[in-house]
Amino acid sequence: MSVSIKSEREIEIMRDAGKILAEVHEQLAELVQPGISTMDLNRKADEMIRKYGCIPSFLNYNGFPASICTSVNDQVVHGIPDKKMILQEGDIISIDAGVIYKDYQSDAARTHAVGTISKEAKDLMEVTKQSFFEGIRYAKAGHHLFEISAAIEDYVVAHGYSCVRDLVGHGIGKEMHEDPQIPNFRQRKRGIRLSPGMTLAIEPMVNIGRYDVCVLEDDWTIVTEDGSLSAHYENTILITEGEPELLSIGNDPVPKK
Ligand code: MG
């Protein structure tokens, strides 16, 4: 395993990539409402990403047929945008997007409410987002990678939910998926020591029910095996000597506690 350390020049580009991606997410959030199809969201996202001079990194990645992933309700990740998938009041939708800017990548995901949602769904979304922030308390030079994994899972389990195990966060840079892999659950080892200049995509995927998932016949969409709701929250971050820098956060509110 080789974990790349980015130079100041590379970091500067990744900051710009992250800002653009955050902006794309913010604009997509405004479009999420009952009646819109996930294909419409995809079309808008593709347009925006290209308008900023970026390439949508998901398009054709291992053959993925769209520019973003749209995963509704019990869909965990990798949902394929579809003109027949019309968002309904009460749904939740996880939008995962990636951009390539000047040869560098940024990757981030948000889960949104469609209109008014149940308290159950709202709680899940909040815990999922907060678990990311619990995890990155340990995303500092000198800490070990799997401290992040453990903190995410501990927080999620304390709320009665589970972290998906079959999919993990990852290093990111010139490639979307670089070393190291970053599980969202406790590991037997402590993992690599974190150093300034590492860029990581931390991405808890949280289910209300069990952590087991399966893949639909489209060979992409991952769903919870028990049909329970699932949420996803992700940012690309930079390890520094102090607090991590959240490259793709934009104006997404950071929880206070
Ligand atoms: Mg990712």
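Counting starts at 1 for both ligands and their atoms, following the listed order. We number each residue from 1, following the sequence as shown. The analysis underlying the following values was restricted to heavy atoms, covering all of them including side chains, and did not include hydrogens, waters or symmetry mates.
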What N/O/S atom of [X] is the closest to the Mg ion (ligand 1)?
{"X": "Asp107", "value": "OD2"}
{"X": "Glu203", "value": "OE2"}
{"X": "Glu234", "value": "OE2"}

Practice item. Kindly indicate, with the supporting measurements, whether the criterion side chain to side chain donor-acceptor pair (under 3.5 Å) is fulfilled by Asp107 and Thr236. Key: CA-CA 6 Å; Asp107 188 4; Thr236 297; 5.8 Å; no

- Message: Can you tell whether the side chains of Arg190 and Glu147 come within less than 4.0 Å, N to carboxylate O?
- Response: no

**Asked** What orientation do Tyr155 and His159 show, parallel under 30°, tilted 30 to 60°, or perpendicular over 60°?
**Response** tilted

**Request:** Report the relative orientation of the aromatic rings in Phe133 and Tyr233; use parallel for angles under 30°, tilted for 30 to 60°, perpendicular for over 60°.
**Result:** tilted

(message) Taking N, O or S atoms only and a limit of 2.8 Å, check whether His170 reaches the Mg ion (ligand 1).
(response) yes

